[in-house]
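For reference, the structure is listed below as structure tokens.
One-based numbering, in listed order, for ligands and for the atoms of each.
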Amino acid sequence: MSELITKIYENPNIYRIDVPLPNNPLRNLNCYVIQDGGETLVIDTGFNREVCKEALLAGFAELGIGNEHVNLFLTHLHADHSGLAFAAMKGRNGKTYISKVDYEYLQKVDQGEYWEKTDEAFIQEGFTREAVEELNGQNPANEYEPERLFDGALVEDGDVISVGKYDFRVIMVPGHTPGQACLYNEEQKILFTADHILFDITPNITFWVDVEDSLGDYLDSLVKIREVDIAVALPSHRKNDMDVYVRIEEIIAHHYERLVETLEAVEKFPNAHGTQVASQLKWSMRGKTWAEFPLFQKWFAIGETLSHLDYLVVRGMVAKNIGETNGYTLLKSIGECELELQEIWKTYEK
Ligand SMILES: [Zn+2]
């Protein structure tokens with residue numbers, strides 16, 4: 001087998017096709033291929049760009065994937081997962097599974113309303129209209145999407161997809177996207193973690209139009225996955241060289257630190273909007289200052305900050321002063337907020 005493909009597991013046979021994502025901090029997309037009894041399930045595809053397509057199709061050829069009995073499962077709507085939905089299924093009559101929730105978001109994107117609403121929300125948070133306009137067109141999130149909306153075979157929590165004699169259960173894990181889904185095989189205790197749990201980078205949690213509390217949803221989904229009996233955890237990006245349960249605790253702790261940092265920034269700069277709060281947080285950007293951040297990195301950072309601010313707003317620690325300054329203020333002393341956060345955090349403990 002070439003370097004493109006790694007055999008991950010036997011019975012069921014699982015292969016990983018290493019799809020490169022050049023100039024992207026994620027580095028690669030792990031496309032998993034499950035095969036049994038003449039049936040194939042492909043999980044995720046890579047961006048809709050030539051370099052990804054070449055790797056994906058070369059991987060398919062090497063694995064001898066024909067046109068019959070091939071289905072595709074998209075863990076979530078992001079373009080690095082769904083971008084090649086058409087290319088992967090071209091000439092085949094299989095299904096393209098995706099969660100109902102994420103598919104509805106893709107429909108909103110298709111109708112043009114999703115990005116407009118997102119842009120307005122960012123502008124309200126102090127990201128200027130000029131910045132939004134400059135960014136549109138250079139953001140890989142909308143540049144490498146599938147050419148048009150594909151027909152989705154829509155799944156929900158608990159649905160089962162079979163590959164030969166093996167069953168894979170859909171476990172909904174909202175947070176990273178509103179409708180992200182993991183796949184789980186109970187006999188072998190194999191979990192495809194998608195972008196819900198990544199091992200050497202922290203999954204991006206951001207603001208979503210029509211989602212009140214994406215970080216709260218995400219933390220609940222981490223607790224949900226912690227209850228699952230997992231022997232093999234297969235992430236969508238890079239590699240996994242650590243215990244999944246340890247990693248879950250690390251990610252939960254990371255968000256606690258982040259929330260405390262967010263509270264401190266709001267205390268220090270009352271009525272700051274999301275962009276200003278984001279500029280006060282620590283980001284691992286190889287020594288760059290906020291002003292030196294590339295525009296799209298700022299956009300991601302603001303989105304992540306908004307998800308933390310929303311979490312604090314929903315739980316009554318921070319107010320969002322809509323219509324006035326559009327900024328945020330603390331509703332109690334920072335000491336009280338931190339104590340409250342500690343109490344909330346106990347609910348995430350094992
Ligand atoms: Zn993603």
Is it true that a side-chain atom of Gln180 and a backbone atom of Asp195 form a donor plus acceptor pair closer than 3.5 Å? yes
Please state whether the rings of Phe73 and Tyr97 are parallel, tilted or perpendicular, taking 30° and 60° as the class boundaries. tilted
Which atom of Asp195 approaches the Zn ion (ligand 1) most closely (N/O/S): OD2
State, to the nearest 10 degrees, the angle whose vertex is the Zn ion (ligand 1) and whose arms point to NE2 of His76 and NE2 of His176. 100°
Using every non-hydrogen atom in the two residues, find where Ile251 and Ile197 come nearest and quote the distance to one decimal. CD1-CG2, 4.3 Å
Would Lys108 count as a cation-pi partner of Tyr105, with NZ or CZ less than 6.0 Å from the six-membered ring centre and within 45° of the ring normal? yes
Restricting to N, O or S atoms of His78, which is nearest to the Zn ion (ligand 1)? ND1
